[in-house]
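Take a look at the structure set out below.
If you're wondering where the values come from, they're calculated on a predicted model, not measured in any experiment.
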Amino acid sequence: TGEVEKLTNYSQRKNNLEARKKMLEDKEDYSSQKELERLEQKYTLGKVNFDSVVILDFGNSLKSVISTLIFIGFSTFIFYKAFITEITVDEAYSFLNYSYVENVLNIGIANNHLLNSYLVTLFQNFGYSEIFLRLPNVIFGWIYIALVVNVSLKSKNYLLSLFLLILNPYVIDFFSISRGYGITTSLIFLSIYSYLYFKNYNLYFSIFFLIIATTSYHVAVIFLIVFY
């Protein structure tokens, strides 16, 4: 790489080699010819100011290992947080007034996040524990983390983009409570991802995911308007 070449003074030592070879080419004595043969096998000529260089190869294999560990770690943390956190007032109100009575289309107040309420209605069949009511958001949290890891792998600033998109405390909270914010966050990011990386019909997929996002949290319509 350029940094290694600069560190080892590669250009100057390369020039030293070429100059020495050119000087020896005009000589016909035995020692000069033997030295020329040795130089033909070298790339540079001259000493460096250190014994060795250790290069950390932050290659794809290492990135894959780190990405897998991050996905498992944050996915587990979101599930654990959803499991131990006591139910909030908004969660209880939404569940009792919309999901439990299966009245998800009641849009009289903004507290009803339609897609979230509908998914909670389905998941309540497994039980009324907080973790079952929060599973839709937890699952969308896993999807979000997987997308972030995939996008970060395509970025030059791998770790920076990875941690900026995951370590936001609000994002972690969104995916560990039974509200529409986490689902919407994941769908908006999925919309951006599809627009950037889907090869076919990327625009249509992007708009589709944004429309679905507005059903989970109506303020997401702002992103749809801006997109247009």
Side-chain angles (χ1 to χ4, degrees), residues 67 69-152 161-194 206 208-227:
S67 300
L69 293 175
I70 288 175
F71 176 79
I72 295 174
F74 277 95
S75 297
T76 303
F77 178 71
I78 288 174
F79 183 86
Y80 175 73
K81 194 172 188 301
F83 183 78
I84 66 170
T85 303
E86 294 185 0
I87 194 167
T88 64
V89 174
D90 283 343
E91 286 181 289
Y93 184 91
S94 297
F95 171 68
L96 292 174
N97 287 276
Y98 310 123
S99 300
Y100 181 71
V101 296
E102 298 186 5
N103 188 22
V104 296
L105 294 181
N106 181 357
I107 55 175
I109 60 174
N111 199 65
N112 186 14
H113 301 161
L114 292 176
L115 181 57
N116 177 70
S117 297
Y118 174 72
L119 292 176
V120 171
T121 301
L122 299 179
F123 278 81
Q124 71 178 347
N125 293 318
F126 298 105
Y128 297 120
S129 173
E130 289 92 333
I131 188 60
F132 292 120
L133 307 183
R134 292 166 175 167
L135 267 182
N137 276 274
V138 171
I139 293 172
F140 272 93
W142 295 342
I143 294 173
Y144 175 82
I145 295 172
L147 291 173
V148 167
V149 168
N150 189 277
V151 169
S152 299
S161 59
L162 189 64
F163 288 118
L164 280 178
L165 291 169
I166 289 182
L167 287 180
N168 188 322
Y170 292 105
V171 169
I172 296 174
D173 282 341
F174 288 165
F175 293 124
S176 58
I177 59 174
S178 180
R179 302 289 289 141
Y181 313 119
I183 297 174
T184 300
T185 300
S186 184
L187 287 170
I188 290 175
F189 197 82
L190 183 56
S191 172
I192 297 171
Y193 180 88
S194 61
S206 183
F208 170 75
F209 289 129
L210 279 178
I211 292 174
I212 299 300
T214 63
T215 66
S216 182
Y217 186 48
H218 60 279
V219 176
V221 73
I222 296 174
F223 290 91
L224 190 60
I225 295 172
V226 170
F227 192 86

Whether Tyr100 and Tyr128 hold their rings parallel, tilted or perpendicular, with breakpoints at 30° and 60°: perpendicular

Whether Tyr98 and Tyr93 hold their rings parallel, tilted or perpendicular, with breakpoints at 30° and 60°: perpendicular

Neighbour count above 12 (heavy atom, 6.0 Å) for Tyr80 OH: no

Validation row: Leu165, Tyr144 side chains within 4.5 angstrom (heavy atoms): yes

Ser194 side chain vs Ser191 backbone, donor-acceptor pair below 3.5 Å: yes

Sequence neighbours excluded - salt bridge (charged side-chain N to carboxylate O under 4.0 Å, His left out) pairs with any residue from residues 117-128: none

Taking every non-hydrogen atom, the tightest pair across Ile131 and Ala82: CD1-CB, 3.9 Å

Exam field: side chain Asn112 to backbone Val104, donor-acceptor pair closer than 3.5 Å: yes

Ile78 side chain near Ile145 side chain, heavy-atom distance below 4.5 Å: yes

Set of residues satisfying side-chain hydrogen bond (donor to acceptor under 3.5 Å, both in side chains) with respect to Ser176, sequence neighbours excluded: none

Any Leu187 side-chain heavy atom under 4.5 Å of Phe140 side chain: yes

Side-chain touch Phe74/Val148, heavy atoms, less than 4.5 angstrom: no

Main-chain N/O of Ala213 paired with Ser216 side-chain donor or acceptor, under 3.5 Å: no

N/O donor-acceptor pair under 3.5 Å between Ser99 side chain and Val120 backbone: no

Backbone of Gly141 reached by a side-chain donor or acceptor of Ser186 within 3.5 Å: no

Qualifying salt bridge (charged side-chain N to carboxylate O under 4.0 Å, His left out) pairs, either residue in residues 135-145, two or more places apart: none

Partners meeting salt bridge (Lys or Arg N to Asp or Glu O under 4.0 Å) with Glu91 (sequence neighbours left out): Arg134

Residues which pass salt bridge (Lys or Arg N to Asp or Glu O under 4.0 Å) with Asp173, listed by chain and number, not counting sequence neighbours: Lys81

Test item: Tyr193 and Asn150 side chains (from C-beta on) under 4.5 Å apart, heavy atoms: yes

Stepwise side-chain contact (heavy atoms from CB on, under 4.5 Å) test for Phe71 and Ile166: CA-CA 10 Å; Phe71 176 79; Ile166 289 182; over 6 Å; no

Inter- and intrachain pairs under salt bridge (charged side-chain N to carboxylate O under 4.0 Å, His left out), touching residues 92-106, at least two apart: none

Asn137 versus Ser178, closest heavy-atom pair with distance: ND2-CA, 3.9 Å

CG-CD1 distance between Leu210 and Ile192, expressed to the nearest 0.5 angstrom: 8.0 Å

Nearest heavy-atom neighbours spanning Gly127 and Phe132: O-CB, 3.6 Å

Test item: Ile212 and Leu190 side chains (from C-beta on) under 4.5 Å apart, heavy atoms: no

Parallel, tilted or perpendicular: ring planes of Phe174 versus Tyr170, cut at 30 and 60 degrees: tilted

4.5 Å side-chain heavy-atom contact, Leu135 and Phe126: no

Euclidean distance, Phe163 CZ relative to Asn168 CG, rounded to 0.5 Å: 14.0 Å

Criterion side-chain contact (heavy atoms from CB on, under 4.5 Å) on Ile143 and Phe189, from CA distance to verdict: CA-CA 10 Å; Ile143 294 173; Phe189 197 82; over 6 Å; no

Test item: Ser94 and His113 side chains (from C-beta on) under 4.5 Å apart, heavy atoms: no

Gap separating the CG atom of Leu96 from the CG atom of Asn103, nearest 0.5 angstrom: 12.5 Å

